[in-house]
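To start, the structure itself, in structure tokens.
Whatever order the structure lists them in is the order used to number ligands and atoms, beginning at 1. Starting from 1, each residue takes its place in the sequence as its number.
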Amino acid sequence: MRTLFIAFFAITLLNCPQKNYAQESTDKKWWKEAVVYQIYPRSFKDANGDGVGDLQGIISKLDYIKSLGVNVIWLNPIYSSPNDDNGYDVSDYRNIMKEFGTMDDFNALLKGMHQRGIKLVMDLVVNHSSDEHEWFKQSRSSRTSPYRDYYHWWNADKGKPNPRYSLFDVNHDAWRYDSLTNAYYLHYFSRKQPDLNWENPKLRSEIYDMMKYWCEKGIDGFRLDAFQFAAKDTTFPKFPDGYEKNFSLYYAVGPHLHDYLQEMNKEVLSKYDVMSVAEGAGNSYKDAHDMVDADRNELNMAYAFEGVDIPSNPKGYSVIHFKEVFSRWDSVFATKGWLSIFLANHDQARMVSRFGNDSPQFRELSSKMLTTFIMTMRGTPYYYNGDELGMTNIRFDKIEDYRDMSTLNEYKHQQNIGGDMQKFMDGIKYACRDNGRTPLQWDATKNAGFTSGTPWIKVNPNYKTINVAAEEKDQNSCLNYFRKVVALRNQHKVLVYGKYTLLDKKNPNVYAYTREGEGKKMLIVLNFTANTAQTDIGIAIKNSKLLAANYADGAASVNNSSNIVLRPYEALIYELND
Ligand code: GLC
Ligand code: CA
């Protein structure tokens, strides 16, 4: 029997060329060629004047989205939710949040997108649900409920469970005591976000059914929220003291995570033409690879955080470090696997305020420079709504202006432990995710044209000058520059599949690289600083064609040598011809 098995295997191997086994990064896929535009529905456009963005609002802006050249929308959660965490606490996975509209609105939105050739990626929030989900209500009702094991409970008769860190709780305690059944439930996020128990096959099959429900409606993909935390060692062993400072090392990629992903792939993802992307890429390149190697049949891509976490300090960051991180991640996925490229999302402050320079002098230039970077790297670009306008941090002074539950809880926590409140307030001005959640700035009318009512979070006062209507009229606006580089990416597949090579590695100011493949070679040169900077890229750029430049007058000081002098935040894309 054993010999037979081996013989069978050997024959199969001999008959199949290696390529059938190893799917490579250069293999063509629509989701690699996509440019994803992320919409935060709450802040995009309010159609009915209640101050909250909604699906009809998005529908009314579909022609605008189409005009950007993007071909996929990732929508943050729109399912029924009590909104403890703006939709990341789902109380019914098969319905639409009342504030956002109805299922009819959803159907109309999907139809309108597909008519315009735009695909839809939905957020899939299944590490946890809302505590107002029917499953949790049943689960907490009694120790013998058939839903008990949909969540993680620890009976208090056994004493207190080993500590687990909650990211969002006021006390950062992930175990919440419930007197109803004298037990604790687990919540890695807020206490209104109890963690689902993925060890339970019934729960898993309910989730797959729910995913199929959306696939049958015709959606085109899922973004797996916090899913790397879904698998847990349910004996809840003790972690070393101080583990919470590095909790991800203990929480990410728990036992059976890959089994769950393979099962999800087999049950759902492989049955539809959908893309899948994981939030987080584990703790090692191996973790990340294992999630996205096509041969393993798990997910299509993951987004790693090392890049977006770089400017954790408002005083700035090192360009050499930035280059090193993005080059390293690229090299690890150069032949196999696939990643996403992004510098912002709804959990981050604004891209230009963190990675660029949002002073009046440099906001536009630095924002366009960062856009150039995202659209010319390998990996699928994810671009956050409003960044195409160069929207900036709002920098609230008062805690009352903030809306983000995790920030408000941390404020209370700092008060409770006698923390330095001034330092805390300064920190959130720079880093709080509410900075990225202020309403999209459509025009110079009241509330930036976002709502006729009172917006759920304040509009950035700079909307009078930074808005879609004004930028439409200006040929050199961030908006029109964004359209231009998106069009270049769509047109030149070398920017998707081409090999990436870093040039002038030790240059502390300039990020220069080439992309080569598909019979073409592109050169990208970016000055990441507010000063004039120079780079010797080692390639003469004579006969090359300038495809994009973020200064209105094109490239100023390029001669025929390999030496390029760049103005502050200057960004250039060339097609090299020799
Ligand atoms: C993810 C989401 C974030 C949310 C958290 C809990 O990190 O991006 O917005 O708060 O998961 O669901
Ligand atoms: Ca509304």
Check: Tyr37 and Ile118 side chains under 4.5 Å, non-hydrogen atoms: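 Not touching, per the 4.5 Å side-chain cut-off.
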Heavy-atom check, side chain of Asp225 versus side chain of His128, under 4.5 Å: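 They are in contact (side-chain heavy atoms under 4.5 Å apart), so the answer is yes.
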Asn48 N/O/S atom closer than 3.0 Å to the Ca ion (ligand 2):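 For Asn48, the answer is yes, given that an N, O or S atom comes within less than 3.0 Å of the Ca ion (ligand 2).
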Residue Val52, metal the Ca ion (ligand 2), N/O/S under 3.0 Å: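 Yes, within the cut-off.
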We want to know whether [X] and [Y] form a side-chain donor-acceptor pair, criterion being a heavy-atom distance below 3.5 angstrom.
{"X": "Arg354", "Y": "Gln348", "answer": "yes"}
{"X": "Asp89", "Y": "Gln193", "answer": "no"}
{"X": "Glu199", "Y": "Thr234", "answer": "yes"}

What's the atom name of the N, O or S in [X] nearest to the Ca ion (ligand 2)?
{"X": "Asp54", "answer": "OD2"}
{"X": "Asp46", "answer": "OD1"}
{"X": "Asp50", "answer": "OD1"}

Side chain to side chain contact (heavy atoms under 4.5 Å, CB included) between Leu224 and Val126, worked out: CA-CA 8 Å; Leu224 277 70; Val126 291; 5.8 Å; no
Residues Phe326, Phe322; criterion ring-ring contact (aromatic ring centres under 6.0 Å, His included); working and verdict: CA-CA 6 Å; Phe326 279 94; Phe322 186 94; 4.7 Å; yes
Protein residues having a heavy atom less than 4.0 Å from any atom of ligand 1: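 Close residues (ligand 1, cut-off 4.0 Å): Asp85, Tyr88, His128, Phe168, Phe189, Gln193, Arg223, Asp225, Glu279, His346, Asp347, Arg433, Arg437.
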Aromatic plane relationship, His346 with Tyr88 - under 30° parallel, 30 to 60° tilted, over 60° perpendicular: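 Ring orientation of Tyr88 relative to His346: parallel.
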